[in-house]
Amino acid sequence: MSYSSDAELSRVLSADRGVQPPPEEPQAPESDQEIPPEAQRDLLNRTRGKAREAFESPETQRDFLNLLAALPGPREDLHLPWDDRHRKLLLTWLKVPSVCIAALQRFLTLRQDLLEPEEFQGAGDTLRLVPREPPVPVSAAERGEYEADIPALTVRWMIADAERAWKNTTVRSLLGELSARGASTRLVLLLSFVPTALFETLKVRRGLAQDRRESNPVVKRYENPQTRISAADEEAEYLRKKWSELGHLPEDDQTLKTRIARAYRPMDREYERSIWEPLGLDKTPTSEITRHDIWWWIAHPLITYLEPFAPGRKTDPPGARSRITPEAVFTKASQLLSLRSGGLWPNKPGLLKSRYYSAL
């Protein structure tokens, strides 16, 4: 393991490799001249064709297989077919590492939690830093490289998590059952990756909610036109003193009230949603963890991949694919999500099943 190898592997996550779905409509022309309908169709087809060509390139296939090769599992797993089904699976799955990259770019604490080799333990006079095994173990010399290269850090995160899962005897047994039916162990490890550290950012949202509850009375008080500032108002007197020390003229009461209210006003709710919704953490911070969309973004490609390898219903003719997804698919997928998330997913196949059919 090294930063340079992870940086190479992260190329499969790159958005400029043509692995993103092509636009549904052609870009509007810069001129006012109308494009004939047949020309618009030709433009759209060529746009889609270029994206499809880039995605189907040998380089993309090579990078994806190299990523699988870095995961634990049988060597025969490296001979996966590069067909339409696997390409579509990769396109769908790419949303998960994209979310990880976006979260790592946004939250410095998330990067530190993944890489930090020490943590605080104890309280008061006994509080001290103690060594620990970080979720993403890297050498001290390469920490800076990973912190600056978020896609490489995301790859190392996925690989390290897969290696830990491979050491779990329950996970190994479950993967063995799927492998016996023809599923790729390495691909299942990749598709069942759960970025558990991502859910730690919900603590920030809970903190914002608490700040609103505590600061709303103060904001309302100073926004109230009837509020009068007296000499006993500590907030106003503190600001007056600081303002005077800077050599500025005294402010009138209305300006002072506005400044105090602005200082106490927490993050705008819409802005907060704009941060967490793209990460799939779209529900309120007090909602059940399982309700967030990130679970479906992980589960959908996993269920899609496992379906052909699940035992069919007794009513299905030999060799026929059931029009109804077998219960075993949801059972296996739910078990994997629960094991890979350390119990954040409560292993309730019914939750996956209801979400799957509601999304059809």
Side-chain angles (χ1 to χ4, degrees), residues 67-74 76-77 80 89-90 92-97 99-100 103 110 113-114 132-137 154-202 279-281 287-311 325-356:
L67 180 58
L68 287 181
L71 302 175
E76 54 267 24
D77 279 3
L80 287 175
L89 273 173
L90 178 58
T92 308
W93 168 80
L94 276 173
K95 190 164 191 175
V96 177
V99 162
C100 295
L110 185 56
D113 287 345
L114 288 180
R132 72 177 180 94
E133 182 182 355
V136 181
T154 301
V155 164
R156 178 47 40 192
W157 185 5
M158 293 188 293
I159 294 174
D161 194 78
E163 290 171 344
R164 277 191 294 271
W166 185 246
K167 296 175 183 177
N168 185 306
T169 55
T170 307
V171 175
R172 286 281 286 270
S173 176
L174 183 55
L175 291 172
E177 294 175 25
L178 296 170
S179 178
R181 302 192 65 85
S184 164
T185 297
R186 295 169 188 260
L187 187 52
V188 172
L189 280 171
L190 192 66
L191 296 177
S192 61
F193 166 64
V194 180
T196 54
L198 193 66
F199 294 97
E200 290 296 307
T201 66
L202 289 175
L279 304 181
L281 303 175
S287 299
E288 293 182 9
I289 289 290
T290 55
R291 294 186 61 207
H292 291 278
D293 272 350
I294 180 68
W295 290 108
W296 181 240
W297 297 348
I298 298 168
H300 184 225
L302 179 62
I303 291 171
T304 303
Y305 179 69
L306 292 180
E307 186 171 358
F309 306 108
T325 303
E327 292 288 337
V329 175
F330 302 109
T331 300
K332 299 299 183 186
S334 185
Q335 288 175 338
L336 280 167
L337 292 183
S338 180
L339 290 167
R340 296 295 299 274
S341 68
L344 279 177
W345 180 263
N347 191 15
K348 294 183 178 180
L351 288 178
L352 286 185
K353 184 177 181 180
S354 60
R355 188 64 183 269
Y356 177 78

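Every residue was checked against the salt bridge (Lys or Arg N to Asp or Glu O under 4.0 Å) condition with E163, not counting sequence neighbours, and none meets it. Residues meeting the side chain to side chain contact (heavy atoms under 4.5 Å, CB included) test with A160, sequence neighbours left out: P137, R164. Residues satisfying the side-chain hydrogen bond (donor to acceptor under 3.5 Å, both in side chains) test with N168, not counting sequence neighbours, are none. The ring pair (Phe, Tyr, Trp, His ring centres under 6.0 Å) search around H300 returns W296, not counting sequence neighbours. Every residue meeting the side-chain hydrogen bond (donor to acceptor under 3.5 Å, both in side chains) condition with R340, not counting sequence neighbours, appears here in chain and number order: D161, S192. In this structure, T196 has no side-chain hydrogen bond (donor to acceptor under 3.5 Å, both in side chains) partners at least two apart in sequence or on a different chain. Considering only residues two or more places apart in sequence or on other chains, W295 meets the ring pair (Phe, Tyr, Trp, His ring centres under 6.0 Å) condition with F199, W345.
The two residues P301 and L89 make their nearest non-hydrogen contact at O-CD2, 3.2 Å. Closest heavy-atom contact between V96 and P195: CG1-CD, 4.5 Å. Between L80 and L187, the closest heavy-atom pair is CD1-CD2, 4.0 Å. Taking each heavy atom of F309 and R181 in turn, the nearest pair found is O-NE, 2.7 Å. Residues P72 and L189 share a closest heavy-atom pair of O-CD1, 3.4 Å. Residue S179 comes nearest to T185 through the heavy atom pair CB-OG1, 3.7 Å, listed as atom of the first residue, atom of the second, then distance.
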Next on the checklist: Does V194 form a side-chain contact (heavy atoms from CB on, under 4.5 Å) with L344? I'd like the steps, not just the answer.
Outcome noted: CA-CA 10 Å; V194 180; L344 279 177; 5.6 Å; no
Item to check | Test side-chain contact (heavy atoms from CB on, under 4.5 Å) applied to H292 and L202, step by step | outcome: CA-CA 11 Å; H292 291 278; L202 289 175; 4.0 Å; yes
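Sorted by first and then second residue, the pairs that involve residues 167-180 and meet salt bridge (charged side-chain N to carboxylate O under 4.0 Å, His left out), not counting sequence neighbours, are E177-K332. Each salt bridge (charged side-chain N to carboxylate O under 4.0 Å, His left out) pair with one or both residues in residues 188-197, not counting sequence neighbours, would appear here, but there are none. Applying the ring-ring contact (aromatic ring centres under 6.0 Å, His included) test to every pair with at least one member in residues 160-179, sequence neighbours left out, gives no pairs at all.
Exactly one of L281, L198, I298 qualifies for a side-chain contact (heavy atoms from CB on, under 4.5 Å) with V99. That residue is L198.
Atom CG of N347 sits about 8.0 Å away from atom OG1 of T331, to the nearest 0.5 Å. Taking CG of L174 as the start and OG1 of T169 as the end, the distance is 11.5 Å to the nearest 0.5 Å. Note that the CG atom of L90 and the OH atom of Y305 stand 13.0 Å from one another [nearest 0.5 Å]. Atom NZ of K95 and atom CH2 of W297 lie 4.5 Å apart (nearest 0.5 Å). Here the OG1 atom belonging to T170 is positioned 9.5 Å from the CD atom belonging to Q335, to the nearest 0.5 angstrom. Interatomic distance, CG of L279 versus CG of D293, reported as 11.5 Å (0.5 Å rounding).
Between the side chain of S338 and the backbone N or O of S334 there is no donor-acceptor pair closer than 3.5 Å.
Annotation: side chain of T92 is not in contact with side chain of T304 (no heavy-atom distance under 4.5 Å). You'll find the side chain of L68 reaches within 4.5 Å of the side chain of L71, heavy atoms only.
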